[in-house]
Number of protein chains: 2
Amino acid sequence: MKIIVDNIERETTCGEELRAMRDCLEILGGKWKLMILRYLNNRQHQDIHFKKLEREIDGMSAKMLSKQLKELETNLLITRTVTDDNQLMVFYAITEYGKSVTPLTENLVEWGIKHRKKIIEG
Amino acid sequence: MKIIVDNIERETTCGEELRAMRDCLEILGGKWKLMILRYLNNRQHQDIHFKKLEREIDGMSAKMLSKQLKELETNLLITRTVTDDNQLMVFYAITEYGKSVTPLTENLVEWGIKHRKKIIEG
DNA sequence: CGGAATCCGGCCCGATACTG
DNA sequence: CAGTATCGGGCCGGATTCCG
C-alpha cells in the first residue's frame, strides 16, 4: 500500500516509463526481497512458515522479515496462510504471479555478471 | 569503486546470480541514476554540464548529483570531461556502454506498467 | 562553474523485550 | 509460533557554506 502511494506522489515529476522502472526497483530492490522470493520459489512443494524463513535466511531479523513479507504480499507476489490447529502457524508461498517475476530478472542477472567482469578487468 | 567492494564483501552470503541482480539494482536503483541516464541519453548531441543537469533535473541537489555522476562514471556508463578556457566547465555524456543499459530496462518498464494496473484495479 | 565540507533531520534496520 | 513496540546507531540525503 505504501509503495503505491509513494509512486502516485511521483507522477507529477516523471513519465510513465520512469515510474514503472521505479516500481520494479522498489519491488525487487531492498536487502531481502529477492532472497525471500528465490527461497520460496525453490521450495514450492514445501510448507514454509515464518520461523523457518527467519532461521534459514542468513542474518535477517524477524522485524525485517515481517516487513518484507508484508510488502511482497501487498504486491501479490506471495500468499500468507494462517493455520491454528493447536499451534499458530503462518505459511508463506510464492504465487503464480510471483513466479512470473523470475524470468524478468534473467536479463539483469546476465548483464550484472558481464558488468562485474568488465569493471574488475578494466 | 565503493560499489564493487560492497558487493565483493557479499560474495560469501549469496550466489552469483543474486549478486549480479544486486549489482544491477545498485547501478540502476537509487533516486536519480535512471533519470540522469535518460536525460543524457536524450541529449547526446548537446553539451551538458553540471549546472545544466542541476537546473533541469527537478529537485536534485548538487551534492546528490555529484555523487550519482561519480557512481555512473565508475560504472563506465557516462564520461566526464573537464574544460577550462576562461571558465571552468565539466561536461557529462552517456557512453556507448551506457546506452546499452536502456534496452535492458524495457522488460522492467513493461512489467511495471502492467503491475501498477494489476495492483490498482485489484 | 564544479564541486567538497559541514551540519543536521529522518528513516532504515538491528537488538531486545513483550503480546496473543 | 508470529509477530509488534521500543530504543538506538548509522547512513541517506537536503540546506548551507566555502574553495579553486
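Remember, it's a predicted structure, so these values are computed and weren't measured experimentally. Every chain is numbered from 1 and lettered A, B, ... according to where its sequence line falls, protein lines coming before strand lines.
- Applying the salt bridge (Lys or Arg N to Asp or Glu O under 4.0 Å) rule to pairs touching residues 98-109 of chain A yields A/Glu96-A/Lys99, sequence neighbours excluded.
- Every residue two or more places apart in sequence or in another chain was checked for a side chain to side chain donor-acceptor pair (under 3.5 Å) with B/Asp47, and none qualifies.
- Closest non-hydrogen pair, B/Leu25 versus A/Leu28, comes out as CD1-O, 3.5 Å.
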Would you give me the side-chain donor-acceptor pairs under 3.5 Å for residues 85-92 of chain A, sequence neighbours excluded?
from	atom 1	to	atom 2	distance (Å)
A/Tyr92	OH	A/Arg80	NE	3.3

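- In terms of position along DNA chain C, the nucleotide closest to B/Arg55 lies nearer the 5' end than the nucleotide closest to the other residue of the pair B/Ser66 and B/Arg55.
- For the pair B/Phe91 CZ and C/dC1 P, the interatomic distance rounds to 12 Å; values are reported in whole Å.
- Residues satisfying the side chain to side chain donor-acceptor pair (under 3.5 Å) test with B/Arg43, not counting sequence neighbours, are none.
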Self-check item: Protein proximity profile, nucleotides 13-20 of chain D - base contact B, sugar-phosphate-only contact S, no contact -, cut-off 4.0 Å on heavy atoms
Solution: BBB----B

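- Take A/Lys63 and apply the salt bridge (charged side-chain N to carboxylate O under 4.0 Å, His left out) test, not counting sequence neighbours, and it matches no residue.
- Contacts between residues 42-53 of chain B and DNA chain C, defined by a heavy-atom separation under 4.0 Å, are made by B/His49, B/Phe50, B/Lys51.
- Two end axes, each from the C1' atoms of five base pairs, can be drawn for the helix from C/dC1-D/dG20 to C/dG20-D/dC1; they diverge by 30°, to 10 degrees.
- Residue A/Asn86 contributes atom CG, which lies 15 Å from atom C1' of D/dA2 at whole-angstrom precision.
- For B/Glu56, the salt bridge (charged side-chain N to carboxylate O under 4.0 Å, His left out) partners are B/Lys52, not counting sequence neighbours.
- The salt bridge (charged side-chain N to carboxylate O under 4.0 Å, His left out) search around B/Glu110 returns B/Lys114, not counting sequence neighbours.
- Not counting sequence neighbours, B/Lys118 has no partner by the salt bridge (charged side-chain N to carboxylate O under 4.0 Å, His left out) test.
- Shown here are the ring pair (Phe, Tyr, Trp, His ring centres under 6.0 Å) partners of B/His115, two or more places apart in sequence or in another chain: A/Tyr97, B/Trp111.
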